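One structure is given here, and the rest of the page talks about it.
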Amino acid sequence: MPEGHTVHRHARQQRKELVGHALATDVVQDRFAASAARLDGQVLTDVEAWGKHLFQTWEGGDVVHVHLGLYGKWRRQPAPPPPMRGAVRLRLVGPTRAWDLAGATACELLGPDETDAIVARLGPDPLRPEADPQRFLDRVARSRAPIGTLLLDQTAVAGIGNLYRAEILFLQGIHPERPARDLRPQEREGLWVETVHQLRLGLRRGKIVTRRAAEVDVTPSRLPRSEAHYVYHRDTCRVCGGPIRRTELAARRIDLCPRCQPRRPRRDHTPPVPPEP
DNA sequence: CGATTATGATTAA
DNA sequence: TAATCCTAATCGC
């Protein structure tokens, strides 16, 4: 179940293992059979991530667009790979590794124009160096939607999912139901900075650990999942011990600590945990 | 071993 | 708002 950091990881690793090589393709699902046959033997020239979208560019100019959705998976296999398991949408076989795609919401062959159209619909991706924070900040400053809704809106910011949404709002001490435009400038900026920070950590570690490193004894990437978060899927707040409230926002469940994330923050309200240096 | 749940998003109603 | 895509971890029996 991927958020933006996972997709960027896939892009990075596929660049290393597949780009520059003529790949053999295979499929189980008929849906993609014709496209796969067309790519078979072509050189993969680039792989890029944009939010939760992955784009593979091929020598002929074709672009494979992949969106994993809720339970799509890339399975990294040895080469030569074992027999395909389950409804594999696309198998790419490189010299040292093969990659199997299963369960994805989107796996389609696009031209450059269609690719541009998808990217144009996305907000800034905090993991991309050219990301423009101002686009996000302006959107927050103007929107009447709850901030918790906006963080999942991929046209506002691309790459945040349900887990990061809950944890980033907690880390900044912001109640998810506050109207976005009511946030103070400092709070808007805090959200962006926290998002960049968290997604970068997720990319580096290959898993979501939102707890501040200073709080834990072990290396964060070794932290068991039950210790990795402040509010997400918890009964009590990791910081104040108070009960976690579950509600729904943008058709997704969200957990929050009413005490650490007040609906009406005092003027001197400070986030529940200090920022990471 | 079956039921449940999930880090997503589009489409139809 | 609900159905859909259809993987895999987790949990109860």
Side-chain angles (χ1 to χ4, degrees), chain A residues 1-11 27-32 49-55 65-77 81-91 99-108 110 114 117-123 125-127 145 148-171 176 194-195 197-211 220-221 223-235 244 246-256:
Chain A
M1 294 156 228
E3 302 195 20
H5 68 295
T6 309
V7 182
H8 276 265
R9 246 179 174 244
H10 292 151
V27 281
V28 163
Q29 278 200 337
D30 286 344
R31 259 197 287 186
F32 205 68
W50 214 299
K52 299 170 191 167
H53 299 257
L54 185 86
F55 299 99
H65 167 231
V66 174
H67 192 295
L68 294 175
L70 186 51
Y71 32 64
K73 314 257 183 259
W74 278 107
R75 289 196 281 256
R76 191 162 158 266
Q77 308 274 23
M84 290 191 282
R85 171 168 54 87
V88 173
R89 288 286 287 277
L90 177 64
R91 161 173 278 183
W99 289 70
D100 288 348
L101 176 66
T105 288
C107 173
E108 53 188 357
L110 303 179
E114 297 166 295
I118 291 172
V119 171
R121 262 186 269 123
L122 296 173
D125 175 349
L127 287 178
T149 298
L150 213 54
L151 290 188
L152 276 193
D153 183 341
Q154 303 297 303
T155 68
V157 50
I160 296 179
N162 204 33
L163 202 165
Y164 274 132
R165 168 175 78 159
E167 292 288 303
I168 288 167
L169 286 168
F170 175 83
L171 284 162
E194 190 68 57
T195 300
H197 181 61
Q198 288 299 327
L199 286 175
R200 279 187 187 157
L201 289 178
L203 173 59
R204 190 188 313 158
R205 295 171 177 159
K207 72 192 248 193
I208 301 179
V209 178
T210 53
R211 280 185 85 189
S221 41
L223 212 58
R225 202 168 38 242
S226 59
E227 300 288 311
H229 318 131
Y230 288 100
V231 291
Y232 181 78
H233 281 207
R234 289 182 53 78
D235 296 328
I244 293 302
R246 278 182 210 333
T247 180
E248 210 175 275
L249 214 46
R252 310 295 301 281
R253 168 175 146 177
I254 182 166
D255 304 310
L256 68 125

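Below, chain A is the first sequence line, B the second, and so on; all start at residue 1. Values in this document were obtained by computation on a predicted structure and should not be read as measured data. Values below: every heavy atom of this structure, side chains too, minus hydrogens, waters and symmetry copies.
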Pairing residues for A/Y164 by the side chain to side chain donor-acceptor pair (under 3.5 Å) criterion, not counting sequence neighbours: none
So which protein N/O to nucleotides 9-12 of chain B N/O distances come out below 3.5 Å?
residue	atom	partner	partner atom	Å
B/dA9	OP1	A/K52	NZ	3.4
B/dA9	OP1	A/H67	NE2	3.4
B/dA9	OP2	A/K52	NZ	3.0

Looking at A/K207 and A/R225, would you say the former's side chain and the latter's main chain have a donor-acceptor pair under 3.5 Å? no
So what does A/Y232 hit on the nucleic acid, given a heavy-atom distance under 4.0 Å: a base, only sugar-phosphate, or nothing? sugar-phosphate
Separation of A/R253 atom CZ from B/dT5 atom P, in whole Å? 10 Å
Listed by chain and number, what are the side chain to side chain donor-acceptor pair (under 3.5 Å) partners of A/S221, not counting sequence neighbours? none
Can you tell me the base-pairing partner of B/dC1? Count Watson-Crick or G-U wobble geometry only, both distances below 3.5 Å, and say none if there is no partner. C/dG12
With sequence neighbours left out, what residues match A/H197 under side-chain contact (heavy atoms from CB on, under 4.5 Å)? A/E194, A/L201, A/R212, A/E276
Short side-chain donor-acceptor distance under 3.5 Å, A/H8 and A/D125: yes
Counting primed atoms, P, OP1 and OP2 as sugar-phosphate and everything else as base, the B/S/- map of nucleotides 7-12 of chain C against protein heavy atoms under 4.0 Å is BSSS--
Given that both distances must come in under 3.5 Å, which nucleotide forms a Watson-Crick or G-U wobble pair with B/dT11? C/dA2
Minimum heavy-atom distance A/H67-A/A104, with the two atoms named: O-CB, 3.6 Å
Mind checking salt bridge (Lys or Arg N to Asp or Glu O under 4.0 Å) for A/R200 and listing every partner two or more places apart, or none if nothing turns up? none
